[in-house]
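Here the structure is laid out as structure tokens; the discussion comes afterwards.
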Amino acid sequence: MLRVLLICHCFRFSVSHAASNGRIANDNFLKPQKVGSSQRVQGHGHDAHLRSSKTGYVPGESMPDFQVATDNGVLTYRSEEVKNTSKLLPLVIMLVDYTDPFLAYMVNDPVSMFDFLSLDPIPDANFLFLFKTNVGQNMLQASINFQLDRLCAETQTLWRSHIYLATRTMEDMRKSSELSAVLVDVLDSFKSIRKFLAFWSESSDKQITSERLDCNFQWAAVQGPDNHSPKNPLSSELVYVPNPCKITHGDFNNSFALIYDDKLGCSKEDAIRHMAERLTNLTGVIVMARQNTQLQVIGEKEYAEGVPGPNATIIASMIPYQDELLEKVRQGNVSILFFYKSEAPGNFVAIDARGKMQEIGYAINPWLRTIGWSAQYWSYREALQLSSSQPADSVTIMQDLVAQGTQPVDLTAFFPLGDKVTTALYIDATLSCAGVWNMDCPIWDHVATLTVQCSSGTVENNFGPAEPGGSFSELARYITPYRLRVGQWSTDVTDLAPLLQMKDCTFNVTMPAWGTDSWIWSFSLRARRPKTPPSCSHCVAGLPWKGEKLFSNNEPMLRQTFNASYNTNRDQQISIPAGTRWAHLIAIITGHGEDETGCCEFLPSRHVFTLNDEEFAVEFMEPLSNFKCTKPSEGVEPNAYGGWWMGRNGWCNGQDVKPWVIDVTSAVLSSQGPLQAKYQGLSWNKTSNEWVQPHATSGYILMSSHLSFYN
């Protein structure tokens with residue numbers, strides 16, 4: 001267990017994104033070589049598909065014993081004591097390196113720090129900050145204290161008991177003792193990305209490499225191991241633009257523009273937007289900071305306020321003042337290399353409650369919340385582990401299935417399906433991928449759907465033109481993350497129990513055929529029973545005894561596109577089983593795609609089910625917020641290699657799709673005859689801020705719904 005010798009606490013850890021072994025040849029790779037009558041840069045490509053070394057430590061291994069001196073005492077971790085500890089908190093470790101502008105911005109920017117300390121819920125975890133040099137601890141402590149003073153006293157006390165600052169530098173720790181050196185060794189294995197711009201200096205006859213700080217991801221293009229990234233490295237020309245806010249036209253021949261952040265005549269963001277609109281074949285814009293000024297994240301404030309950036313393909317980045325480069329580019333074009341690589345030591349590492357090292361994902365933007373989101377997720381994982389380990393009936397459905405496939409399962413002895421006592425059914429799922437690191441996982445998000453067939457026949461119409469899902473046989477739906485490997489969810493499928501029978505059933509996992517062959521799935525069916533039987537005759541007991549298909553976008557005909565004909569003929573009559581005492585409506589609904597109307601991934605939708613003239617509606621408004629998917633405490637895998645945080649239409653990357661369940665007893669039992677059922681979907685008009693009839697051209701909805709009856 002982790003001990004503080006002066007102040008005793010228990011800790012749990014969480015690990016950073018796996019970096020790679022991609023290399024940029026050597027220090028002379030930009031030395032000009034004569035080609036005909038001109039000089040060009042000779043660049044050596046490097047593997048952009050980064051992976052950490054196979055030697056050293058890897059995720060999932062037990063954390064070795066370590067010890068570190070902190071401002072709150074000496075923290076000691078003993079792996080042997082983990083087994084005897086009933087409660088460990090996640091510990092997220094961050095290496096603060098002020099020579100890296102990305103890390104410096106994370107801890108220096110007031111908004112970044114305040115957002116971290118304002119996380120809700122406050123992570124049930126501890127945080128250890130290590131330092132590359134002696135310059136840092138006092139600065140970070142002052143920044144933390146300043147922002148904590150803005151919060152209530154109770155929150156201040158809680159945070160101060162969970163934040164620890166190392167009192168020795170990394171180099172001192174490496175030399176002091178074997179127990180201290182362990183943390184350095186672990187960080188050496190979990191490498192991190194650093195980004196650079198390089199040019200050749202004739203005056204010193206060597207390559208000059210400058211750190212850079214890319215713009216906010218999603219405001220404009222950034223280069224890294226994320227989706228939407230330009231290639232790595234980029235060999236190009238740098239062209240000086242003295243009047244970026246007034247330039248009217250020009251062909252840049254796939255070069256970068258350099259602008260100097262001094263008397264621009266407009267903001268950096270406006271200058272980049274202006275150039276992107278008026279210049280053709282512009283690869284990107286490099287902003288050079290004024291002398292002795294800190295780098296800023298271009299577009300950070302505008303993104304938070306919803307102000308759009310330039311053309312999505314335009315790269316935007318900022319570099320420190322470099323007098324030789326500025327003078328050189330003012331005299332003529334300069335050959336540059338724009339690249340990133342992995343370096344040791346890494347910036348983050350962690351250990352979970354079971355004493356295992358884990359990655360925290362990819363810090364795609366310099367938000368200190370990144371480590372907080374990781375802590376929230378590992379707290380969620382531990383709570384889920386404890387919940388699912390309680391005594392229960394369960395049966396394995398699939399184990400280590402690669403991508404997709406079919407598995408017959410004998411449910412004849414799964415007695416909870418017929419014992420009248422079971423109160424809930426869950427599908428427990430884990431998602432990993434081949435290899436060891438996050439970088440081994442597929443980069444794009446896709447839908448995966450789990451269906452079941454217990455009667456004769458096969459699952460029909462579970463795949464539309466793009467992603468699977470939406471058939472009446474669907475038990476659960478999932479969205480894969482952007483290149484993360486630690487997904488674990490427990491999805492309540494109680495109201496879909498009528499799909500299951502005590503007989504041989506066939507389960508099927510379906511995913512798109514492209515780019516998903518590395519995902520590895522495991523599923524089990526788990527039943528929960530009450531500790532004591534219900535004491536009143538009208539209390540809910542047992543599973544639904546019967547179910548009825550309601551509406552699907554796949555059956556009896558495929559009509560997923562959210563267009564003008566989407567709501568046509570959406571009505572039917574349903575016979576209510578005799579003896580029904582209450583009823584639920586369950587629906588699995590997600591919106592996907594993006595066309596000229598904005599539909600449907602990032603556009604809200606409303607779904608109205610009318611039963612005997614009584615309306616029941618669900619609205620997915622999350623797309624109106626940039627951060628509605630920052631829900632690690634609800635199972636969203638955080639810090640993915642793409643814009644995972646943005647709100648979506650009924651789903652988030654790296655999470656199970658939560659079924660919508662509502663009590664419809666009042667409507668179902670309101671008449672003696674058949675139930676009159678109708679359904680319609682509505683789209684959000686961002687201009688008028690009201691619901692309108694759907695009119696998408698290609699955006700689509702995956703939807704299946706059922707009624708479940710209890711007696």
Side-chain angles (χ1 to χ4, degrees), residues 86 353-354 380-401 405-432 448-455 459 472-478 487-509 520-537 539-547 577 581-584 586 588 634-635 655-659 661 706-711:
S86 59
R354 309 301 164 115
Y380 154 83
R381 281 288 304 269
E382 179 59 17
L384 184 63
Q385 185 78 11
L386 293 174
S387 174
S388 59
S389 64
Q390 298 301 314
D393 294 297
S394 65
V395 59
T396 299
I397 296 174
M398 297 177 181
Q399 188 70 35
D400 296 334
L401 173 75
T406 299
Q407 180 65 49
V409 179
D410 184 1
L411 296 181
T412 55
F414 193 63
F415 298 111
L417 293 178
D419 63 9
K420 305 296 184 183
V421 177
T422 300
T423 57
L425 285 179
Y426 298 90
I427 294 293
D428 293 334
T430 61
L431 176 62
S432 186
T449 177
L450 177 68
T451 59
V452 64
Q453 190 74 28
C454 294
S455 57
V459 176
F472 283 126
S473 302
E474 188 173 30
L475 261 182
R477 191 182 304 167
Y478 307 87
Q488 185 172 350
W489 310 280
S490 184
T491 309
D492 191 332
V493 296
T494 304
D495 285 284
L496 294 175
L499 294 178
L500 301 164
Q501 299 175 34
M502 295 177 64
K503 59 194 305 185
D504 289 336
C505 296
T506 300
F507 292 84
N508 187 73
V509 177
I520 300 175
W521 292 95
S522 293
F523 297 96
S524 62
L525 177 64
R526 177 169 55 92
R528 188 188 69 191
R529 302 187 183 192
K531 294 181 179 179
T532 58
S535 58
C536 56
S537 60
C539 293
V540 175
L543 301 174
W545 68 311
K546 288 188 178 181
R581 299 184 61 185
W582 62 87
H584 290 169
I586 180 170
I588 305 176
E634 298 178 25
Q655 190 188 28
D656 59 331
V657 176
K658 305 300 183 183
V661 180
H706 297 255
L707 289 176
S708 56
F709 304 108
Y710 294 79
N711 67 353

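The analysis underlying the following values was restricted to heavy atoms, covering all of them including side chains, and did not include hydrogens, waters or symmetry mates.
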Legend entry - Check: Ile588 main-chain N/O paired with Arg477 side-chain donor or acceptor under 3.5 Å: yes
Inset, instruction - Could you tell me the separation between the OG1 atom of Thr422 and the CZ atom of Phe415, rounded to the nearest 0.5 Å? - result: 11.5 Å
Legend entry - Sub-4.5 Å side-chain heavy-atom contact between Gln488 and Gln385: yes
Inset, instruction - Decide yes or no for Tyr426 and Arg528: does some side-chain heavy atom of the first lie under 4.5 Å from some side-chain heavy atom of the second? - result: yes
Legend entry - Nearest heavy-atom neighbours spanning Lys503 and Thr412: CA-CG2, 3.5 Å
Legend entry - Approximate separation, where rounding is to 0.5 Å, of Gln407 CD and Thr396 OG1: 10.0 Å
Inset, instruction - Measure from the side-chain N and O atoms of Trp521 to the backbone N and O of Met398, and report whether any donor-acceptor pair falls under 3.5 Å. - result: no
Legend entry - Considering all heavy atoms, the nearest Leu496-His706 contact: CD2-CD2, 3.6 Å
Inset, instruction - Measure across Gln501 and Cys454 and return the closest heavy-atom pair with its distance rounded to 0.1 Å. - result: N-SG, 3.7 Å
Legend entry - Phe414 versus Ala527, closest heavy-atom pair with distance: CZ-CB, 4.0 Å
Legend entry - Interatomic spacing from OG1 in Thr430 to CZ in Arg381 - rounded to 0.5 Å: 8.5 Å
Inset, instruction - Provide the closest heavy-atom pair for Leu417 versus Met502 in the form atom of the first, atom of the second, distance. - result: CB-CG, 3.7 Å
Legend entry - Ser490 side chain to Arg526 side chain, donor-acceptor N/O pair below 3.5 angstrom: yes
Legend entry - Gap separating the CG atom of Leu475 from the CG atom of Leu450, nearest 0.5 angstrom: 5.5 Å
Inset, instruction - Applying side-chain contact (heavy atoms from CB on, under 4.5 Å), name anything that partners Pro498, two or more places apart in sequence or on another chain. - result: Pro544
Inset, instruction - Verify the distance criterion only: is there a donor paired with an acceptor across the side chains of Thr491 and Asp656 at less than 3.5 Å? - result: yes
Legend entry - Under the salt bridge (charged side-chain N to carboxylate O under 4.0 Å, His left out) test, residues paired with Asp419 that sit two or more places apart: Arg529
Inset, instruction - To the nearest 0.5 angstrom, please state how far the CZ atom of Phe709 sits from the NE2 atom of His584. - result: 11.5 Å
Inset, instruction - May I ask you to test the Leu500-Phe507 pair for a side-chain heavy-atom distance under 4.5 Å? - result: yes
Legend entry - Check against side-chain contact (heavy atoms from CB on, under 4.5 Å), Asp492 and Leu425: CA-CA 6 Å; Asp492 191 332; Leu425 285 179; 5.8 Å; no
Inset, instruction - Indicate yes or no for a side-chain donor-acceptor contact from Ser522 to the backbone of Asp400 under 3.5 Å, with no hydrogens or angles considered. - result: yes
Inset, instruction - Go through the steps for Leu431 and Tyr478 under the test side-chain contact (heavy atoms from CB on, under 4.5 Å), then give the verdict. - result: CA-CA 10 Å; Leu431 176 62; Tyr478 307 87; over 6 Å; no
Legend entry - Heavy-atom closest pair, residues Thr423 and Thr494: O-CG2, 3.8 Å
Legend entry - Min side-chain heavy-atom separation Asp504-Pro408 under 4.5 Å: no
Legend entry - Side-chain heavy atoms of Tyr710 within contact of Asp495, under 4.5 Å: yes
Legend entry - Glu634 backbone acceptor or donor facing Gln655 side chain under 3.5 Å: yes
Legend entry - Distance in Å, Ile397 CD1 paired with Asp428 CG, rounded so as to fall on 0.5 Å steps: 9.0 Å
